[in-house]
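One-based numbering along the sequence shown.
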Amino acid sequence: MQPMAPVAEPVESPLVEDFDTVVRAYWHKIFRFALASLRDLDAAGNVAQDCFLKAHKARESFRGDCSVSTWLMQIAVNLVRDHVRNRRLQFWKRTQNAGPELDLVSRTVADRSATPEAGTAAKQQLEAVWRATEKLSEKQRTVFLLRFVEDMDLLEIAAVTGLKEGTVKTHLFRATEAIRERLGGIA
């Protein structure tokens, strides 16, 4: 019979002992969020790599107050925010030239179309949504992407962004309404 691990030490999780497992488990989620936020493959890769580097350096201080996923997303949101501040003038201009990146993102979204026409219509609608997100404020865009790209619930978004749940709801509502308004009859 093997001795059971002490219950009082859940923080000493795979996060500290086997960080490679953490990277494998969350890389795609962090990269997908960074790509959706930045619309640049290289920048998204750099943000994801920086996110895991920061997490690795701080893994000993992870208190377990939130899930590993939420903790990593907090780091990613901050890195994306820093990247935007550093490159504010160039940020969404890349959208016009984002053909390959847009295709990559659209392939990560579940394809439920039955016909090529429906697939083309869905891709056009996705492109219109991306263009509409360009006009959102930074907070609205972050909340919108966390909700609809990462499928996070409101409490998770609040934890990741450091906002109150009511503030998250307000930003999400305003972002959704702004996108609907910009899309007009498409959505």
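- Note that the OG1 atom of Thr161 and the CZ atom of Arg81 stand 7.5 Å from one another [nearest 0.5 Å].
- Here the closest heavy-atom approach between residue Ser69 and residue Tyr26 is recorded as CB-CE2, 3.6 Å.
- Between Lys164 and Ala158, the closest heavy-atom pair is C-CB, 4.2 Å.
- Residues Ala36 and Val149 approach most closely at CB-CG1, 4.0 Å, considering heavy atoms.
- To the nearest 0.5 Å, the span separating CG on Leu172 from CG on Leu163 amounts to 11.5 Å.
- When all heavy atoms are compared, the tightest approach of Phe31 to Gly45 is CE1-N, 3.6 Å.
- How far CD of Gln74 is from CD of Glu156: 11.0 Å, rounded to the nearest 0.5 Å.
- Phe173 and Leu155 fall into different hydrophobic clusters, defined by Ile, Leu, Val, Met, Phe, Trp and Tyr side-chain heavy atoms under 4.5 Å apart, directly or through other members.
- Closest heavy-atom contact between Ala34 and Val80: CA-CG2, 4.3 Å.
- A salt bridge links Arg180 with Glu177: at least one charged nitrogen is closer than 4.0 Å to a carboxylate oxygen.
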side-chain contact (heavy atoms from CB on, under 4.5 Å) assessment of Val22 paired with Phe19: CA-CA 5 Å; Val22 172; Phe19 198 76; 4.3 Å; yes

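- Taking CD1 of Ile30 as the start and CD of Glu150 as the end, the distance is 7.0 Å to the nearest 0.5 Å.
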I'd like to know whether Arg39 forms a side-chain contact (heavy atoms from CB on, under 4.5 Å) with Leu35, so could you lay out the CA-CA distance, the side-chain angles of the two residues, the decisive distance to 0.1 Å, and finally the verdict. CA-CA 5 Å; Arg39 305 291 302 278; Leu35 181 60; 5.8 Å; no

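- Here CE of Met73 is found 10.5 Å from OG1 of Thr142. Values are rounded to the nearest 0.5 Å.
- Atom CD1 of Ile157 sits about 11.5 Å away from atom NE2 of His171, to the nearest 0.5 Å.
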Can you give me every donor-acceptor pair (side chain of residues 50-57, partner residue at least two apart or in another chain, under 3.5 Å) with its distance?
residue	atom	partner	partner atom	Å
His56	ND1	Arg59	NH1	3.2
His56	NE2	Arg59	NH1	3.1

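- Connection of Trp130 to Leu183 is established within a shared hydrophobic cluster, with ILVMFWY side chains joined at heavy-atom distances below 4.5 Å, either directly or through further cluster members.
- Other residues, nucleotides and ligands contribute more than 12 heavy atoms inside 6.0 Å of the CZ atom of Arg182.
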Yes or no on side-chain contact (heavy atoms from CB on, under 4.5 Å) for Val47 and Phe33, after CA distance, side-chain angles and deciding distance? CA-CA 10 Å; Val47 164; Phe33 170 73; over 6 Å; no

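- Smallest separation of non-hydrogen atoms from Ala44 and Leu38: N-CD1, 4.2 Å.
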Could you go through the side-chain contact (heavy atoms from CB on, under 4.5 Å) check for Leu154 and Lys169 one step at a time? CA-CA 7 Å; Leu154 297 176; Lys169 287 180 183 180; 3.6 Å; yes

